[in-house]
Number of protein chains: 2
Amino acid sequence: MSVPEPGPAPGARRRRRRATITTVAAAAGVAPSTVSRAFSNPGRVNHVTRAHVLAVAEELGYAPNPAAQALESGRTSTVALVVPDITNPYFSGVVKGAERAAAEARLTLVIGDAQENPVHEERLVRRLGPAVDGFVLTASRMPDDVLERVSELNRIVLVNRASPGLTSVVADFASGTRQIVAHLASHGHRSFVFLGGPAESWSGARRWAGLRAAAEEHGLEATRFGPWTPTIASGPAAADAVLATGATAVVAHNDVLAIGVLQRLAERGVRVPQEVSVVGFDDVFGADFCHPPLTTLAERTTEAGARAVEALAALTRPGALPTGGDAPVRVLPTQLVVRASSGPAPR
Amino acid sequence: MSVPEPGPAPGARRRRRRATITTVAAAAGVAPSTVSRAFSNPGRVNHVTRAHVLAVAEELGYAPNPAAQALESGRTSTVALVVPDITNPYFSGVVKGAERAAAEARLTLVIGDAQENPVHEERLVRRLGPAVDGFVLTASRMPDDVLERVSELNRIVLVNRASPGLTSVVADFASGTRQIVAHLASHGHRSFVFLGGPAESWSGARRWAGLRAAAEEHGLEATRFGPWTPTIASGPAAADAVLATGATAVVAHNDVLAIGVLQRLAERGVRVPQEVSVVGFDDVFGADFCHPPLTTLAERTTEAGARAVEALAALTRPGALPTGGDAPVRVLPTQLVVRASSGPAPR
DNA sequence: ATGAAAGCGCTAACAT
DNA sequence: ATGTTAGCGCTTTCAT
């Protein structure tokens with residue numbers, strides 16, 4: 001029997017020690033501070049020295065250690081994006097936009113999943129807080145007072161959520177819901193059912209408030225059901241509740257729920273839109289190829305993610321000039337995408 | 001004209017200075033090291049002192065600064081997950097699984113988007129390298145030699161990619177492709193077209209190799225087209241190419257491409273599956289409600305993400321015991337989900 | 001333009 | 001069980 005090789009574990013192969021600023025300085029024959037400047041203060045070093053330092057650094061595979069940079073400067077060049085559920089396709093757009101804006105501002109983006117849970121969300125912020133320059137909280141479920149407490153320690157920008165004193169980027173739900181109701185009214189619907197999402201959802205509340213107001217304007221009757229977890233799996237229960245009322249139109253909290261409803265309606269032999277019209281929110285991946293394709297309110301999610309990161313980057317910059325007035329709320333337009341899931345009310 | 005208030009910018013409200021270990025130590029009347037131990041070495045401090053320290057820390061809103069922790073210990077308790085495209089729903093499962101496993105191992109997860117670009121991917125690893133304990137690279141597009149170089153400095157675990165000496169978690173494409181071909185053969189198809197994804201895609205290569213081998217076994221003829229970017233937008237071009245050949249069956253690189261193909265076929269009045277059968281890979285969100293619902297090879301993506309993070313966590317632990325032999329490749333089963341997009345070959 | 005030196009918040013010997 | 005001390009890698013005055 002042979003003695004096992006005392007080599008490193010598989011996959012745990014011997015790793016080269018990471019080059020530090022000191023290594024590079026020694027190799028380049030300069031002081032550590034010069035190497036530092038060559039990287040983070042290019043103006044204040046002779047550009048031939050700088051070129052030399054950079055070449056040596058490249059050769060040694062040196063990359064600045066963010067932890068050490070952060071320690072001294074206090075800035076981490078990292079921002080965190082927190083979403084309620086990363087598997088919800090709605091957030092893909094936000095993530096993409098945030099990623100692009102972060103790259104442009106030379107920031108590293110960290111993504112956290114709050115798991116639809118305010119407690120988890122707060123823990124996440126607390127945990128990540130010291131490691132990042134700020135947070136973009138998407139559809140935050142934390143109550144206003146918690147947000148306020150949290151914002152004492154952290155820079156915060158909200159997406160699809162507003163809270164006193166905090167910068168936010170929100171979709172224009174007032175206009176959006178008016179578009180939805182006008183669309184239904186023009187097709188002769190006299191009433192509709194709203195399938196509500198989570199009770200703590202700020203945008204859910206805005207959606208319902210907008211729908212109610214618009215319904216009143218158009219003389220429609222609006223009823224709210226729910227709350228439901230906005231997943232496809234909630235579709236059957238929601239759809240069945242609607243069918244029991246004989247409603248001619250349904251507006252769902254979001255597309256995922258709406259798609260679940262469509263599936264259930266098909267299962268029960270209810271024709272859409274002949275018997276029931278269905279409208280969603282978000283225009284997620286899949287809304288255009290589900291059956292029938294879904295009429296939905298499109299938001300500029302990519303832009304929202306990008307704007308939020310830009311706003312955060314602005315807050316991070318040393319000068320963050322007082323512009324006076326309240327914390328800015330940026331409202332992004334929404335647009336109703338009419339597809340085959342909605343049509344004339346049955347006679 | 002009144003002079004503008006010199007107050008802080010909106011949203012940039014005065015922020016409390018973060019409590020440090022020294023602040024807490026002073027307030028609790030102990031040494032900084034005791035505070036440190038109270039948090040990260042509970043066993044070695046009197047539990048009443050510990051309780052007191054923790055209470056004071058809580059009151060001051062103290063949270064350990066990860067940057068400082070990382071600096072001394074070298075470990076960051078953070079792992080990075082890199083995906084080619086965060087908006088691709090395929091990766092949602094991987095992300096979710098990775099997130100769960102990271103939480104269980106008390107690791108913070110950072111998500112990076114390689115933007116389908118090997119160069120960007122390498123830059124990302126370089127940039128994030130010093131800030132994390134290791135990487136899970138999903139469907140990495142980096143060539144083997146680059147991976148080897150990169151792994152000298154970083155702990156790496158691969159998902160749906162294998163490379164000499166590296167730990168990886170892959171789907172069982174050999175079995176999966178056999179299932180697909182057997183399904184088509186049993187429906188009387190004599191040949192099929194494979195719509196290839198990106199040329200650098202390792203799993204794409206595995207898929208094609210598996211399909212070819214299985215086709216040979218079953219006496220089917222297999223042709224490869226492409227490469228195509230695996231997006232819905234590539235669907236029309238891919239579908240048109242297929243139609244020109246008169247093929248009776250199409251296997252697409254992944255579901256997103258397959259859905260694009262389905263849309264185009266519908267547009268051109270080609271009936272699925274009566275005239276053409278369509279099969280995808282991945283079973284992503286949407287595969288069950290597109291029209292017609294897509295036959296596809298399901299992978300255990302959530303499990304893959306979780307296993308990869310667990311493997312990485314194991315590599316990170318001090319002991320990382322040599323188990324001998326090659327770096328482990330973990331193969332996860334795949335399963336063909338038969339839906340309405342595939343059926344008997346036309347006569 | 002560059003170097004020397006102090007210190008960011010924390011951990012890890014080493015003392016007590 | 002707790003305190004003291006010396007850095008981790010980097011940035012930042014302050015000299016030169």
Side-chain angles (χ1 to χ4, degrees), chain A residues 16-54 56-57 60-78 108 127-133 153 318, chain B residues 16-54 56-57 60-78 126-133 153 318:
Chain A
R16 242 171 44 209
R17 205 176 150 63
R18 221 174 257 290
T20 77
I21 209 170
T22 324
T23 329
V24 176
V30 298
S33 48
T34 303
V35 178
S36 169
R37 281 188 278 255
F39 277 89
S40 38
N41 223 335
R44 308 216 298 199
V45 57
N46 183 307
H47 81 284
V48 40
T49 334
R50 177 170 137 85
H52 175 229
V53 168
L54 259 36
V56 172
L60 266 46
Y62 168 78
N65 182 328
Q69 289 187 150
L71 198 49
E72 166 62 26
S73 61
R75 284 171 307 96
T76 61
S77 294
T78 303
T108 301
R127 172 102 207 272
L128 252 31
V132 303
D133 291 342
L153 244 31
Chain B
R16 246 171 39 209
R17 206 178 150 63
R18 223 173 255 288
T20 76
I21 211 171
T22 327
T23 330
V24 177
V30 299
S33 50
T34 305
V35 178
S36 169
R37 281 186 280 253
F39 276 88
S40 37
N41 225 333
R44 307 216 299 200
V45 58
N46 183 306
H47 80 284
V48 40
T49 332
R50 176 169 136 86
H52 175 228
V53 168
L54 258 38
V56 172
L60 268 45
Y62 168 78
N65 182 328
Q69 290 187 147
L71 198 49
E72 166 63 26
S73 60
R75 284 171 306 99
T76 61
S77 295
T78 303
R126 189 135 174 178
R127 171 101 207 271
L128 252 31
V132 303
D133 291 342
L153 243 31

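All figures in this text were calculated on a predicted structure; none of them were measured in a lab. Proteins get letters first, then strands, A, B, ... in listed order; numbering begins at 1 in each.
Note on Tyr62(A): only backbone sugar-phosphate atoms sit closer than 4.0 angstrom, heavy atoms only; bases stay farther off. If you check every strand for non-hydrogen atoms under 4.0 Å, Pro64(A) touches sugar and phosphate atoms only. In this structure, Val35(B) reaches neither bases nor backbone, as no heavy-atom distance under 4.0 Å exists between it and the strands shown. Within 4.0 Å of Thr20(B), counting heavy atoms only, lie sugar-phosphate atoms of the nucleic acid but no base atom.
Each of His47(B) and Glu72(A) was assigned the nucleotide of DNA chain D with the nearest heavy atom; the assignment lying further toward the 5' end belongs to His47(B).
Checked by distance alone, Arg37(A) brings a side-chain donor or acceptor within 3.5 Å of a matching partner on the base of dG3(C). Residue Ser40(B) places no side-chain atom within donor-acceptor reach of the base of dT11(C), judged by atom type and a 3.5 Å distance cut-off alone.
Going from atom CZ of Arg50(A) over to atom P of dT2(C) covers 12 Å, rounded to whole Å. To the nearest angstrom, P of dC8(D) lies 12 Å from CG of Asn65(A). Summarising the geometry, the separation between CG on Asn41(A) and C1' on dT13(D) is reported as 13 Å, rounded to the nearest angstrom. Regarding Arg44(B), its CZ atom lies at a distance of 12 Å from the P atom of dT2(D), rounded to whole Å. The distance between atom CG of Leu71(B) and atom P of dC8(C), rounded to the nearest whole Å, is 13 Å. In this structure, CG of Leu60(B) is placed 14 Å from P of dG9(C), rounded to the nearest angstrom. As rounded to whole Å, 13 Å separates atom C1' of dC10(C) from atom CZ of Arg75(B). Atom CD1 of Ile21(B) is separated from atom P of dA12(C) by 11 Å (rounded to the nearest Å).
When only modelled atom types and interatomic distance are considered, Thr20(A) and Thr23(A) share a side-chain donor-acceptor pair under 3.5 Å.
Residue Thr34(A) places no side-chain N or O under 4.0 Å from the OP1 or OP2 atom of dT2(C). Between Gln69(B) and the phosphate of dT11(C), there is a side-chain N or O to OP1/OP2 separation shorter than 4.0 Å. In this model, the phosphate group of dG9(D) is not approached by any side-chain N or O of Ser36(A) to a distance below 4.0 Å at OP1 or OP2. At dT2(C), one or more side-chain N or O atoms of Thr49(A) fall inside 4.0 Å of OP1 or OP2 (strictly under the cut-off). Contact check, Thr22(A) against dC10(D): no side-chain N or O comes under 4.0 Å of OP1 or OP2.
Nearest heavy atom pair, residue Pro130(A) against residue Asn65(B), reads CB-CA, 3.9 Å.
Using modelled atom types, one side-chain atom of Arg50(B) and one backbone atom of Ala38(B) make a donor-acceptor pair closer than 3.5 Å. No side-chain donor-acceptor contact under 3.5 Å links Arg75(B) to the backbone of Ala70(B). Put simply, the side chain of Thr76(A) gets close to the backbone of Asp133(A): a donor and an acceptor are under 3.5 Å apart.
Ser36(A) places none of its side-chain heavy atoms less than 4.5 Å from the side chain of Gln69(A).
Comparing dT2(D), dC10(D), dT11(C) by their nearest atom to the side chain of Ser73(B) picks out dT11(C). Candidate nucleotides dT4(D), dT2(C), dC10(D) were compared by shortest atom distance to the side chain of Ala68(A), and dC10(D) ranks first.
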